[in-house]
Amino acid sequence: MKQATTRISPEDIARQKDFCAQVAAMNAPLPTPPLAFVDTYGCQQNEADSERIRGYLAEMGYGFTDDERTAAVVVINTCAVREHAEQRVLGNVGALTHTKRHNPNQIICLCGCMMQEPHNVEKVRRSFRHVDLVFGPHALWRFPELLWRIQTRRGRIFDTPDEAGSIAEGMPVRRQGSIRAWVSIMYGCNNFCSYCIVPYVRGRERSRDPEDILSEVRELAAAGYKDITLLGQNVNSYGRDLDADVDFAWLLEQVNAVPGDFLIRFMTSHPKDASERLFDAMARCEKVAPHLHLPFQAGNDRVLAAMNRGYTREHYLGLVRSLRQRIPDIVLTSDIIVGFPGETTAEFEDTLTVLREVEFDALFTFLYSPREGTPAARLPDPLSKEEKAANFQRLVDLQNEISAKKQQGYVGRTLRCLVDEPSDDPRHNLNARTAGGRLVHLTGDPALLGQFVDLKITGASTWTLFGEPAE
């Protein structure tokens, strides 16, 4: 992999917008605007990337549809973190042979992290001949040029450069909704956890310039966005590659100073880089949500070392104690991998003791999924699938018990919540979120959407709260 980070020039972005204009001119004579379907898998960073893909498509004269059968252009933004996500992507891509047969002029594009893996690119090349364009995260900024080439020349295009990655400012963004927004502050990862494919497909850590970030946040706040999430594979590493005396705690304080009534969220934090300076900034900044997602992955030190996580169990527990001293009502969530190669059931017990001590509000739990090209994929793995599944179920049962108790603790309290979306629960027409990110179902006037409202919590289930506007 080439190691140098490239900052894409304004002239290069302007050239992409010229390609947008050329495609828009091709679409203009059509009786109705052609439609595009953008399907996103994986993390919030992928969601943010898809917003830029939609921004480009809008400038190229496309409307949008949720039905791939009516789309002139289909873009599938893929995730490579777990095998299950990859299999879902490949299954859905295979099904597009039917839409392509119905509409031979349909353009099918695959992008995202899976398309930065050579074995997946070769699989698409050989077995999915109906796919026209393949590009990885590093080539996203050139999407208009790639789409123009597909439309004006014969042949398929595969653009998956092996590089450290780039920073591209000035791409158009078409956001999903007007209440919540993602703001990428950095890209890539330098941690190389032994199970994780992300550094290989996303490139090295590279931080956006602070003023570019702050300018984007100011625009969002002025437009009335109420929930702004700062994104990075490890936000605690922000600024290390910049020629400036800045870090993530400093950035939080700068974003907090932006005028407007909005919440600041962020993810993801790596425990080895979490610091008391960060916790102090969270406690001082009134707009920063009292929520920290801090993945610990395993509770046993030998397993953590084999994962190359860079911290110990006691270090992690010390971080939790330090954070709760500063923000007693902090909502803590985490990630856990069950069944890492070589993890014994006795070592897994250490993970359960961490759960009992910390009492997380919620967990994202995963059975280990081997990723081709990572060191962990080559490790011996003697524990049976049945034993791993049994351990996984014990973890889920314990966390469900903890979460149900935590949720019941909200009943009777009145909390300031953001009403952020209509509900698909027939008993309640609105969803809201507490400052700590807990979901609340309520019945109320749809005009409350996008507003902060005091809600009295009237009930709770394991994962959901129920509330009503306070008198």
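The basis for the numbers below is simple: all heavy atoms, side chains too, and nothing from hydrogens, waters or symmetry mates. These figures come from a predicted structure and were not determined experimentally.
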If you count the non-hydrogen atoms of other residues, nucleotides and ligands that lie under 6.0 Å from [atom1] in [X], is the total more than 12?
X: F192; atom1: CZ; result: yes
X: H102; atom1: NE2; result: no
X: R174; atom1: CZ; result: no
X: D66; atom1: CG; result: no
X: D261; atom1: CG; result: yes

Which distance, rounded to the nearest 0.5 Å, do you find between the [atom1] of [X] and the [atom2] of [Y]?
X: L449; Y: N429; atom1: CG; atom2: CG; value: 8.5 Å
X: I179; Y: E421; atom1: CD1; atom2: CD; value: 8.5 Å
X: D335; Y: T268; atom1: CG; atom2: OG1; value: 7.0 Å
X: I53; Y: C111; atom1: CD1; atom2: SG; value: 3.5 Å
X: S207; Y: Y238; atom1: OG; atom2: OH; value: 5.5 Å
X: L304; Y: C193; atom1: CG; atom2: SG; value: 10.0 Å

Taking [X] first and then [Y], would you say they form a salt bridge - that is, a charged N and a carboxylate O separated by under 4.0 Å?
X: R142; Y: D159; value: yes
X: E169; Y: R7; value: no
X: E343; Y: K388; value: no
X: D273; Y: R240; value: yes
X: R208; Y: E216; value: yes
X: E211; Y: R218; value: yes

Would you say the side chains of [X] and [Y] form a donor-acceptor pair under 3.5 Å?
X: S237; Y: N234; result: yes
X: E51; Y: Q176; result: no
X: T99; Y: E68; result: no
X: T462; Y: S403; result: no
X: D162; Y: Y200; result: no
X: Q45; Y: S184; result: yes
X: S384; Y: E387; result: yes
X: N236; Y: K272; result: no
X: W182; Y: Q44; result: no
X: H293; Y: S269; result: no
X: S50; Y: T40; result: yes
X: D361; Y: T333; result: no
X: D12; Y: S9; result: yes
X: D420; Y: N431; result: no

Write down the atom of [X], the atom of [Y], and the distance for their closest heavy-atom approach.
X: Q116; Y: G136; value: OE1-CA, 3.1 Å
X: F348; Y: V338; value: CE1-CG2, 4.0 Å
X: M171; Y: W141; value: SD-CA, 3.6 Å
X: A168; Y: I8; value: CB-CG1, 3.8 Å
X: A289; Y: A435; value: CB-O, 3.2 Å
X: A281; Y: E253; value: CB-OE2, 4.1 Å

Test of ring centre spacing under 6.0 Å for F19 and F143: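 Not under 6.0 Å, so no.
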
Quick check on the 6.0 Å ring-centre criterion: do F296 and Y311 meet it?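 Not close enough - the centres of the two rings lie 6.0 Å or further apart.
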
Under the criterion side-chain contact (heavy atoms from CB on, under 4.5 Å), I'd like the reasoning laid out for E347 against V303: C-alpha separation, chi angles, the key distance, then a yes or no. CA-CA 8 Å; E347 289 171 329; V303 175; 3.7 Å; yes

With F262, which residues qualify under ring pair (Phe, Tyr, Trp, His ring centres under 6.0 Å), at least two apart?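 With neighbours one apart ignored, the set is empty.
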
Test side-chain contact (heavy atoms from CB on, under 4.5 Å) on T70 and F37; report intermediate values, then the result. CA-CA 8 Å; T70 65; F37 172 71; over 6 Å; no

Would a 4.5 Å heavy-atom cut-off, applied to side chains only, mark [X] and [Y] as touching?
X: N27; Y: L30; value: yes
X: Q233; Y: E205; value: no
X: L319; Y: P271; value: yes
X: Y368; Y: M307; value: no
X: N190; Y: P199; value: no
X: I185; Y: L251; value: yes
X: I76; Y: L96; value: yes
X: Y41; Y: V81; value: no

Option among E117, E86, E83 that satisfies the side chain to side chain donor-acceptor pair (under 3.5 Å) test with R371: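 Passing option: E86.
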
Have a look at D132 and tell me which of R156, K100, Q106 forms a side chain to side chain donor-acceptor pair (under 3.5 Å) with it.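 Exactly one option meets the side chain to side chain donor-acceptor pair (under 3.5 Å) with D132, and it is K100.
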
Judged by atom type as modelled, is there a donor-acceptor pair below 3.5 Å linking the side chain of T351 to the main-chain atoms of G299?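 Checked: pair present.
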
Trace of the side-chain contact (heavy atoms from CB on, under 4.5 Å) decision for L278 with L252: CA-CA 9 Å; L278 169 63; L252 275 185; 3.7 Å; yes

Between F248 and F266, does the ring-ring contact (aromatic ring centres under 6.0 Å, His included) criterion hold? Intermediate values first, please. CA-CA 10 Å; F248 183 58; F266 59 88; 5.0 Å; yes

Should the pair H441 and H428 be assigned to parallel (<30°), tilted (30 to 60°) or perpendicular (>60°) ring geometry?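 Geometry flag for H428 against H441: parallel rings.
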
Check against side-chain contact (heavy atoms from CB on, under 4.5 Å), L147 and L57: CA-CA 10 Å; L147 189 59; L57 286 164; 4.2 Å; yes

Quickly, which of R265, K287, R180 forms a salt bridge (Lys or Arg N to Asp or Glu O under 4.0 Å) with D227? Name it, please.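 Answer after filtering R265, K287, R180: R265.
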
R125 to F158, cation-pi by 6.0 Å centre distance and 45° axis angle: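 Yes, cation above the ring, under 6.0 Å and within 45°.
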
